[in-house]
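Following: one structure in structure tokens, then a few remarks.
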Amino acid sequence: DTAVSQTPKYLVTQMGNDKSIKCEQNLGHDTMYWYKQDSKKFLKIMFSYNNKELIINETVPNRFSPKSPDKAHLNLHINSLELGDSAVYFCASSQGITNEKLFFGSGTQLSVL
Amino acid sequence: GENVEQHPSTLSVQEGDSAVIKCTYSDSASNYFPWYKQELGKRPQLIIDIRSNVGEKKDQRIAVTLNKTAKHFSLHITETQPEDSAVYFCAARDTGRRALTFGSGTRLQVQP
């Protein structure tokens with residue numbers, strides 16, 4: 001069974017479109033995250049939720065909106081996609097907000113044309 | 001906030017040699033330092049971690065050392081094998097933001 005699963009794996013879309021990425025974890029963890037990995041492989045935190053409550057919101061354009069319907073799910077919606085949004089987006093989870101031992105999903109490669 | 005610097009950005013070694021990757025961090029309050037391995041096209045996976053109350057930790061061929069005074073920590077891989085080829089990330093826990101801050105990654109290539 002996949003511990004942290006995210007869909008879709010690949011997402012190719014035109015500039016200006018709106019898209020969503022979904023993430024689910026079956027580890028019983030309380031905290032979930034979205035990380036962005038750019039073309040240089042740099043991993044940067046975007047958001048973190050603990051028990052459906054937003055606890056980290058980095059300097060991310062407000063075109064990006066996370067939603068956590070329950071503690072096992074954290075989705076990412078992106079409005080008005082831009083070329084610079086092209087990256088791999090990783091969902092992750094950990095037990096508690098002390099942020100130890102991140103378990104990553106398999107990533108979503110977003111390509112904006 | 002926390003700033004983590006990682007060196008080198010690329011490292012090529014012969015199979016059987018040792019590899020060392022070094023990181024420095026800025027926040028003296030950081031107390032947790034994990035290392036992640038990311039194979040090509042795969043997700044990052046935790047390979048070893050160390051807390052600030054420990055100076056060294058070893059797990060088979062990999063070890064991590066921590067110097068709190070100098071604020072740096074290192075990953076050591078001995079007897080490297082081709083399957084060790086990957087991108088390795090160090091990270092430090094930013095207690096202020098309750099988030100892991102990652103280094104920029106080291107691409108390790110082990111030549112058979």
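Below, chain A is the first sequence line, B the second, and so on; all start at residue 1. The analysis underlying the following values was restricted to heavy atoms, covering all of them including side chains, and did not include hydrogens, waters or symmetry mates.
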Indicate if B/Val13 and B/Ile62 have the same hydrophobic cluster label, given that clusters are the connected sets of ILVMFWY residues with side-chain heavy-atom separations under 4.5 angstrom.
yes

Requested in this report: Following the transitive rule for hydrophobic clusters with a side-chain heavy-atom cut-off under 4.5 Å over Ile, Leu, Val, Met, Phe, Trp and Tyr, establish whether A/Leu110 and A/Leu83 coincide in one cluster.
Outcome: yes

Cut-off 4.5 Å, heavy atoms of chain B, and the answer for A/Ser48 is neither

Turns out that what part of A/Phe104 lies under 4.5 Å from chain B's heavy atoms comes down to both

Under 4.5 Å to a heavy atom of chain A? For B/Pro34 that would be neither

Decide if atom CD of B/Gln60 counts as having more than 12 heavy atoms of other residues, nucleotides or ligands within a radius under 6.0 Å. no

Would the number of heavy atoms belonging to other residues, nucleotides or ligands and lying under 6.0 Å from NZ of B/Lys68 be above 12? no

Residue from B/Gly105, B/Gly41, B/Pro44, B/Ser104 scoring the most non-hydrogen pairs under 4.5 Å with chain A is B/Pro44

Report whether A/Tyr33 and A/Phe47 are members of the same hydrophobic cluster (ILVMFWY, side-chain heavy atoms less than 4.5 Å apart, transitive linking).
no

To the nearest 0.5 Å, atom OG of A/Ser94 lies from atom CG of B/Leu46 at 11.5 Å

Output for pair (A/Gln37 CD, B/Phe102 CZ), nearest 0.5 Å, gives 9.5 Å

Most contact-rich option vs chain A, by heavy-atom pairs under 4.5 angstrom, among B/Gln45, B/Arg43, B/Gln38, B/Arg107, is B/Arg43

Between the CG atom in A/Leu102 and the CG atom in B/Asp49, the distance rounded to the nearest 0.5 Å is 11.0 Å

Determine whether B/Val87 and A/Tyr35 fall in the same hydrophobic cluster, where Ile, Leu, Val, Met, Phe, Trp and Tyr are linked whenever their side-chain heavy atoms lie under 4.5 Å apart. yes

